[in-house]
Amino acid sequence: PDRGTIVLSYASSMGFNFIPYIVSCFYEEAGNKEIEFIFEQRPTPETVKLFQDGIIDIGFGSKTDSPDMVFSPIYTERMVVVVPFGHPLAGRKSVRLEEIEGEGLVTWKKCCASRLEIEHLYEQVGITPRIAYEVQDEVMITGIVAKGLGVGIVPRLLGRDYQNVTMLDIENLEASRTMYMIWPNNYFFSPVARKFRDFVIRRMAEFREETVRF
């Protein structure tokens with residue numbers, strides 16, 4: 001359990017802070033210095049397929065309709081509306097989704113689990129999003145929004161603010177997203193992968209108690 005390689009697959013938003021944070025914490029414990037990581041940034045449906053192909057050891061991402069997979073909650077983050085500087089709503093702190101109903105929405109491709117969560121938010125207020133651009137990650141969403149080509153709904157990344165856009169809280173909705181550690185049911189973990197999985201579960205329990213920022 002003290003030597004080997006772990007292949008991680010993770011959603012793009014988790015690569016900004018969480019993955020570097022949890023790996024650095026893992027290396028702080030004695031006996032882990034000889035364990036190496038290989039990183040694969042993939043949408044959650046692709047992560048599930050990589051398990052089926054035997055390519056990865058542990059996944060991180062959103063929850064999908066995959067009954068053969070275990071989804072262990074890691075953290076929950078708030079979703080916010082992002083608008084470009086100079087937008088009529090940019091001076092506000094919060095907004096209702098109905099106020100951006102007619103605007104072009106920059107959002108994830110349909111293959112991304114977060115796209116379903118955005119569509120669910122719109123369903124709760126009885127409106128249909130007008131999709132302007134479909135992309136693969138939050139960086140591209142906010143980059144397009146910053147150029148005045150639409151608005152977006154993205155997670156308020158823990159420990160990181162987006163650049164060149166204004167973030168607005170969403171009113172009257174429980175707008176949040178939970179991220180998970182993922183592995184198949186009845187999965188045979190390698191010793192190093194099991195060690196890392198158990199560490200993540202333990203460390204994130206401490207994180208919730210200490211309100212540590214990563």
Side-chain angles (χ1 to χ4, degrees), residues 10-22 41-47 60-65 73-180 207-208 211-214:
Y10 55 90
S12 60
S13 66
M14 303 183 84
F16 291 119
N17 292 288
F18 174 73
I19 295 298
Y21 164 81
I22 203 66
Q41 180 177 299
R42 303 292 181 94
T44 304
E46 290 188 20
T47 292
F60 293 92
S62 302
K63 192 171 187 178
T64 65
D65 185 17
I74 299 298
Y75 62 85
T76 297
E77 53 192 349
R78 186 156 37 102
M79 303 295 284
V80 295
V81 172
V82 288
V83 299
F85 292 160
H87 188 278
L89 297 171
R92 302 259 300 271
K93 292 185 177 180
S94 62
V95 65
R96 292 177 292 108
L97 286 192
E98 295 92 330
E99 296 180 82
I100 61 170
E101 178 179 4
E103 304 215 33
L105 182 69
V106 186
T107 190
W108 287 271
K109 294 180 179 179
K110 286 186 176 293
C111 66
C112 300
S114 295
R115 170 68 174 268
L116 296 177
E117 299 184 25
I118 300 303
E119 292 177 351
H120 179 63
L121 288 176
Y122 275 82
E123 288 172 2
Q124 291 182 64
V125 295
I127 60 178
T128 301
R130 184 171 69 84
I131 307 300
Y133 298 94
E134 295 177 314
V135 299
Q136 193 127 323
D137 60 51
E138 293 84 350
V139 173
M140 192 66 177
I141 290 174
T142 55
I144 293 174
V145 169
K147 294 302 182 183
L149 300 177
V151 300
I153 300 176
V154 295
R156 183 189 286 273
L157 298 179
L158 297 177
R160 178 184 185 273
D161 288 334
Y162 293 108
Q163 302 296 317
N164 302 320
V165 296
T166 297
M167 293 184 290
L168 308 171
D169 291 330
I170 300 173
E171 298 176 6
N172 304 322
L173 284 176
E174 183 58 40
S176 62
R177 180 178 77 167
T178 300
M179 305 303 286
Y180 298 83
F207 173 91
R208 286 185 284 272
T211 62
V212 176
R213 298 288 290 179
F214 55 78

With Ser12 via side-chain contact (heavy atoms from CB on, under 4.5 Å) - residues at least two apart: Gln41, Asp137, Glu138
Closest non-hydrogen atom pair between Ala146 and Asn164, with its separation: CB-O, 3.4 Å
Applying side chain to side chain contact (heavy atoms under 4.5 Å, CB included), run through Met79 and Ile118 and close with a yes or a no. CA-CA 9 Å; Met79 303 295 284; Ile118 300 303; 3.6 Å; yes
Can you check whether Ser62's main-chain N or O pairs, donor with acceptor, with Thr44's side chain at less than 3.5 Å? yes
What's the spacing between Ile153 CD1 and Glu117 CD if we round to 0.5 Å? 11.5 Å
Once rounded to the nearest 0.5 Å, what's the spacing between atom CD of Glu99 and atom CD1 of Ile127? 10.5 Å
How close do Gly61 and Ala11 get, heavy atom to heavy atom, and via which atoms? CA-CB, 4.1 Å
Results of salt bridge (charged side-chain N to carboxylate O under 4.0 Å, His left out) for Arg130 - residues two or more places apart only: none
Return the minimal non-hydrogen interatomic distance between Ala90 and Gly86, and the atom names on each side. CB-N, 4.1 Å
What are the two closest heavy atoms between Met14 and Tyr180, and how far apart are they? CE-O, 4.5 Å
Under the salt bridge (charged side-chain N to carboxylate O under 4.0 Å, His left out) rule, collect the residues that match up with Glu98, sequence neighbours excluded. Arg96
Between side-chain atoms of residues 102-109 and protein atoms elsewhere (two or more places apart, or another chain), which donor-acceptor pairs fall under 3.5 Å?
from	atom 1	to	atom 2	distance (Å)
Glu103	OE1	His87	NE2	3.1
Glu103	OE2	His87	NE2	2.8

Val151 pairs by side chain to side chain contact (heavy atoms under 4.5 Å, CB included) with which of Ile100, Leu168, Leu89? Ile100
Of all heavy-atom pairs linking Val145 and Gly152, the shortest is CG2-N, 3.7 Å
Testing Arg177, Glu77, Arg78 for side chain to side chain contact (heavy atoms under 4.5 Å, CB included) with Arg156, which one passes? Arg78
Nearest 0.5 Å, please: how far is OG1 in Thr128 from OH in Tyr122? 10.0 Å
Quick one: closest heavy-atom pair of Tyr133 and Ile144, and the distance? CD1-CG2, 3.8 Å
From Thr142 atom OG1 to Lys147 atom NZ, the distance as rounded to the nearest 0.5 Å: 11.5 Å
Quick one, Tyr10 with Met179, criterion side chain to side chain contact (heavy atoms under 4.5 Å, CB included). Give me CA distance, side-chain angles, the key distance, then yes/no. CA-CA 10 Å; Tyr10 55 90; Met179 305 303 286; over 6 Å; no
Could you walk me through whether Val154 and Val80 pass the side chain to side chain contact (heavy atoms under 4.5 Å, CB included) test, one step at a time? CA-CA 6 Å; Val154 295; Val80 295; 4.2 Å; yes
Between atom CZ of Phe18 and atom CZ of Phe60, what is the distance when rounded to the nearest 0.5 Å? 5.0 Å
Can you list everything that forms a salt bridge (charged side-chain N to carboxylate O under 4.0 Å, His left out) with Glu134? Sequence neighbours excluded, please. Arg115
Glu46: which residues meet the salt bridge (charged side-chain N to carboxylate O under 4.0 Å, His left out) condition with it, sequence neighbours left out? Arg42
For the pair Leu97 and Asn172, evaluate side chain to side chain contact (heavy atoms under 4.5 Å, CB included) and give the outcome as yes or no after the intermediate values. CA-CA 9 Å; Leu97 286 192; Asn172 304 322; over 6 Å; no
